Amino acid sequence: MDRRKFIGSGALLASAAQSPSQSSSQREPQAGGTASVSYSVDVAIERARPGKPHRGKVLAAIQPHCDDIPIFAGGTILKLIDEGYTGVLITMSNDSMAGTGSSIGEIVLKNERDTKEVAKRLGLQEAIFMNYPNHNMDGWPILEMRARLVFLFRALKVDTVLVYDPSVLYERNPDHYVTARAVESACWMAASEWDYPEHFRVGLTAHGPREKYYFGRGPQLVNRVVDISPYIDRKVFVNMANLTQGPAGNLGAELRKTLAAKGRKLPLLGNDDETANRQYTKTFALGRDRTRGQAHGLEYAEYFHYIPPDESDVEDYVAKNSVAL
């Protein structure tokens with residue numbers, strides 16, 4: 001799969017972007033009796049915040065394959081970790097169908113090693129592997145995936161997830177949309193005291209992620225643009241860890257070598273493999289981020305459909321209007 005071709009030109013965006021604190025439509029309720037039914041949403045720009053405003057919070061970056069999170073959400077994760085989050089990287093498939101190697105077994109091992117390095121470079125505490133069959137996750141019960149995710153969300157006390165958008169259009173890869181749907185349902189069920197009550201017998205409590213950053217490859221209802229300009233070089237380094245598959249890795253060095261064999265050179269790639277890989281990744285593999293950033297007056301950006309923690313209209317009204325007896 002050539003991920004460089006996905007530049008996100010079809011994203012559905014409002015005409016004017018605001019910072020999260022300025023947005024006139026901060027809260028967009030999820031499906032339910034008070035849900036939004038609008039296909040026109042405000043776009044908020046999320047920028048780096050000083051200090052550690054998210055200290056104590058936990059994120060789970062969830063991907064079907066080892067290069068998904070680094071490509072679509074790597075900069076945002078680096079930003080959130082800088083702001084105080086801790087987190088884990090959860091890979092749903094066994095990554096057996098993409099990459100270089102002499103056998104499926106070798107490809108699985110190499111992708112697993114790459115994924116562990118990606119987690120390390122992102123500043124995440126652990127890489128967790130669910131090992132569902134690559135390209136065939138739609139043949140596996142989503143009920144089982146959801147149950148395992150509910151357990152992890154409760155055990156790790158996950159507050160925020162970053163994953164593919166369960167509602168994105170024209171997604172052809174079943175691993176992507178199955179992962180997204182499993183995560184979407186697991187988030188709210190993990191917070192329910194009635195779902196999987198056997199967990200409570202071993203000391204877990206009801207706890208589900210209340211904040212979601214959904215990314216997509218196809219047209220998407222984007223309402224959050226994250227400015228990753230301060231993190232782009234670190235995101236480049238993260239993507240370079242995926243040596244077995246993906247649009248980065250050693251491709252810059254390989255191109256430099258190929259050109260040299262023909263008596264040619266590309267000044268962009270410099271005079272050594274490290275420079276070649278960094279420049280190739282930043283210019284070509286992550287060109288999407290530059291295009292998206294420039295559309296909002298930024299150098300580099302990542303797009304999401306963001307769902308904030310749900311709020312109660314009743315509690316808000318009571319807090320503002322209740323009076324003493």
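This one's a predicted model, so the numbers in the text were calculated from it and none came from an experiment.
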Self-check item: Minimum side-chain heavy-atom gap R288-I71 below 4.5 Å
Solution: yes

Practice problem: To the nearest 0.5 Å, tell me how far R47 CZ sits from K79 NZ. | Solution: 11.0 Å

Exercise. Verify the cluster assignment for L89 and V108: are they in a single hydrophobic cluster under the rule of side-chain heavy atoms below 4.5 Å apart?
Key: no

Self-check item: Side-chain touch H305/V168, heavy atoms, less than 4.5 angstrom
Solution: no

Exercise. Quick one: do Q63 and F72 satisfy side chain to side chain contact (heavy atoms under 4.5 Å, CB included)? Show the steps, please.
Key: CA-CA 10 Å; Q63 58 182 7; F72 293 104; over 6 Å; no

Exercise. Starting from the C-alpha separation in whole Å, work towards a yes-or-no answer on side chain to side chain contact (heavy atoms under 4.5 Å, CB included) for K212 and F304.
Key: CA-CA 9 Å; K212 296 101 178 174; F304 299 94; over 6 Å; no

Quiz prompt | Common cluster, V161/L152, ILVMFWY with side-chain heavy-atom separation under 4.5 Å | solution = yes

Quiz item: Tell me, do P247 and D67 make a side-chain contact under 4.5 Å, heavy atoms counted?
Solution: yes

Quiz item: If only atom types and distance count, is the side chain of S185 paired as donor or acceptor with the main-chain N or O of A182 below 3.5 Å?
Solution: yes

Quiz prompt | 4.5 Å side-chain heavy-atom contact, I69 and V118 | solution = no

Practice problem: Examine Y213 together with Y306 and report whether their ring centres are nearer than 6.0 Å. | Solution: yes

Quiz prompt | Non-hydrogen atoms of S93 and P64 that approach each other most closely | solution = OG-O, 2.6 Å

Quiz item: Do I77 and F237 share a hydrophobic cluster (ILVMFWY, side-chain heavy atoms under 4.5 Å, transitive)?
Solution: no

Quiz item: In Å, rounded to the nearest 0.5 Å, how long is the span from CG of L78 to CG of D233?
Solution: 11.0 Å

Exercise. Using distance alone, with no hydrogens and no angle criterion, decide if T281 and N239 have a side-chain donor and acceptor under 3.5 Å apart.
Key: no

Self-check item: Pair R49 + E83, salt bridge at N-O below 4.0 Å
Solution: no

Exercise. Indicate, with yes or no, if L143 and V150 share a hydrophobic cluster defined by side-chain heavy-atom contacts under 4.5 Å among Ile, Leu, Val, Met, Phe, Trp and Tyr.
Key: yes

Quiz item: Taking the side chain as C-beta and beyond, is there a heavy-atom pair between V225 and R292 under 4.5 Å?
Solution: no

Please set out all donor-acceptor pairs under 3.5 angstrom arising from side-chain atoms of residues 251-266, sequence neighbours excluded.
residue: R256; atom: NH1; partner: D273; partner atom: OD1; Å: 3.1
residue: R256; atom: NH2; partner: N271; partner atom: O; Å: 2.7
residue: T258; atom: OG1; partner: E254; partner atom: O; Å: 2.9

Quiz prompt | Between NZ on residue K235 and CD1 on residue I228, distance to nearest 0.5 Å | solution = 4.0 Å

Exercise. Evaluate side chain to side chain contact (heavy atoms under 4.5 Å, CB included) for E46 paired with L80, printing each intermediate quantity in order.
Key: CA-CA 11 Å; E46 179 177 324; L80 293 175; 4.1 Å; yes

Self-check item: H54 and Y85 aromatic ring geometry - parallel, tilted or perpendicular at 30°/60° bounds
Solution: tilted

Quiz item: Is any side-chain heavy atom of Y170 less than 4.5 Å from a side-chain heavy atom of R217?
Solution: no

Self-check item: CE-CH2 distance between M92 and W140, expressed to the nearest 0.5 angstrom
Solution: 11.5 Å

Which donor-acceptor pairs under 3.5 Å do side chains of residues 124-133 form with protein atoms, sequence neighbours excluded?
residue: Y132; atom: OH; partner: E144; partner atom: OE2; Å: 2.8
residue: Y132; atom: OH; partner: R148; partner atom: NH1; Å: 3.0

Self-check item: Pairing of R146 and D195 as salt bridge, 4.0 angstrom limit
Solution: no

Practice problem: If the plane angle is over 60° it's perpendicular, under 30° parallel, otherwise tilted; pick one for F284 and Y280. | Solution: tilted

Quiz prompt | Contact check, side chains of I81 and L59, non-hydrogen atoms, under 4.5 Å | solution = yes

Self-check item: Rounded distance [0.5 Å steps], CG in D289 versus NZ in K282
Solution: 11.5 Å

Quiz item: In Å and rounded to the nearest 0.5 Å, what is the CE to CG distance from M240 to N250?
Solution: 7.5 Å

Quiz item: Are V88 and M145 grouped together when hydrophobic residues (ILVMFWY) are joined by side-chain heavy atoms under 4.5 angstrom apart?
Solution: yes

Quiz item: Which one of D95, N94, D175, N242 satisfies the side-chain hydrogen bond (donor to acceptor under 3.5 Å, both in side chains) criterion with H65?
Solution: D175

Quiz item: Donor-acceptor pair, N134 side chain versus M97 backbone, under 3.5 Å?
Solution: yes

Quiz prompt | Heavy-atom donor-acceptor pair, S192 side chain to W188 backbone, under 3.5 Å | solution = no

Practice problem: Flag the pair E112 and K116 as a salt bridge only when some basic side-chain nitrogen lies within less than 4.0 angstrom of an acidic carboxylate oxygen. | Solution: yes

Self-check item: Check: F153 ring centroid to H199 ring centroid under 6.0 Å
Solution: no

Quiz prompt | Flag side-chain contact, heavy atom, 4.5 Å: I90 against V183 | solution = no

Practice problem: State which residues pass ring-ring contact (aromatic ring centres under 6.0 Å, His included) with Y177; sequence neighbours excluded, sorted by chain then number. | Solution: none

Quiz item: Is the Y164-F215 ring centre distance short of 6.0 angstrom?
Solution: yes

Exercise. Examine the side chains of E302 and Y231 and answer whether a donor and an acceptor come within less than 3.5 Å of each other.
Key: no

